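Worksheet: one structure, shown below.
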Amino acid sequence: MKKFKLFTDIEESYRELIYKVSWPTKSQLASSTILVMIASIIMALVVLLMDMGIDKLMHFIYYGRF
């Protein structure tokens, strides 16, 4: 009985993938990719600046100078 349910679930998933999912166009995909890349670079820069600031603060606390 479980085997038949598995096949039914797979078939339903396939039908949903083919008929109900809306796929982005090439231009939508490209613009989304560029947006994610820009956001990733901005977040990386924010983390870098925070890391450098904490490093300077720790040097000041431990050694009394920047």
Side-chain angles (χ1 to χ4, degrees):
M1 189 69 179
K2 293 272 186 193
K3 191 173 188 180
F4 294 119
K5 181 166 176 11
L6 176 64
F7 289 137
T8 304
D9 289 345
I10 291 172
E11 185 178 347
E12 288 175 1
S13 295
Y14 178 75
R15 282 189 187 145
E16 185 174 342
L17 182 68
I18 296 300
Y19 299 113
K20 294 184 180 180
V21 174
S22 63
W23 297 97
T25 63
K26 241 183 191 182
S27 63
Q28 289 174 332
L29 188 62
S31 63
S32 295
T33 302
I34 291 170
L35 181 66
V36 168
M37 289 172 56
I38 291 171
S40 297
I41 290 170
I42 290 171
M43 289 303 297
L45 290 174
V46 167
V47 170
L48 175 68
L49 291 173
M50 290 171 57
D51 183 50
M52 291 172 66
I54 291 172
D55 182 54
K56 295 287 185 188
L57 179 65
M58 290 294 112
H59 273 89
F60 180 72
I61 290 172
Y62 288 122
Y63 303 115
R65 58 181 159 77
F66 287 104

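Being a predicted model, the structure only gives us computed values, none of them experimental.
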ILVMFWY clustering at 4.5 Å (side-chain atoms), partners of Tyr19: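 Besides Tyr19, the cluster holds Tyr14, Ile18.
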Student check: side-chain heavy atoms of Leu6 and Phe4 closer than 4.5 Å: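 No, every pair of side-chain atoms sits at 4.5 Å or beyond.
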Test item: Trp23 and Leu17 side chains (from C-beta on) under 4.5 Å apart, heavy atoms: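 Yes, their side chains come closer than 4.5 Å.
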Shared hydrophobic cluster, Ile54 / Ile61 (ILVMFWY, side-chain heavy atoms < 4.5 Å): yes
Hphob cluster co-occupancy, Tyr63 + Leu57, side-chain heavy atoms under 4.5 angstrom: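 Tyr63 clusters together with Leu57.
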Could you list the donor-acceptor pairs under 3.5 angstrom formed by side chains in residues 33-40, with sequence neighbours left out?
unit_1: Thr33; atom_1: OG1; unit_2: Leu29; atom_2: O; d: 2.7
unit_1: Ser40; atom_1: OG; unit_2: Val36; atom_2: O; d: 2.8

Inter-residue atom distance Met50.CE - Asp55.CG, 0.5 Å rounding: 13.5 Å
Whether over 12 other heavy atoms sit under 6.0 Å from Met58 CE: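 Yes.
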Set of side-chain hydrogen bond (donor to acceptor under 3.5 Å, both in side chains) partners for Glu12, sequence neighbours left out: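 Glu12: no side-chain hydrogen bond (donor to acceptor under 3.5 Å, both in side chains) contacts found.
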Short side-chain to backbone donor-acceptor contact, Gln28 and Thr25, under 3.5 Å: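 Confirmed, Gln28 side chain pairs with Thr25 backbone.
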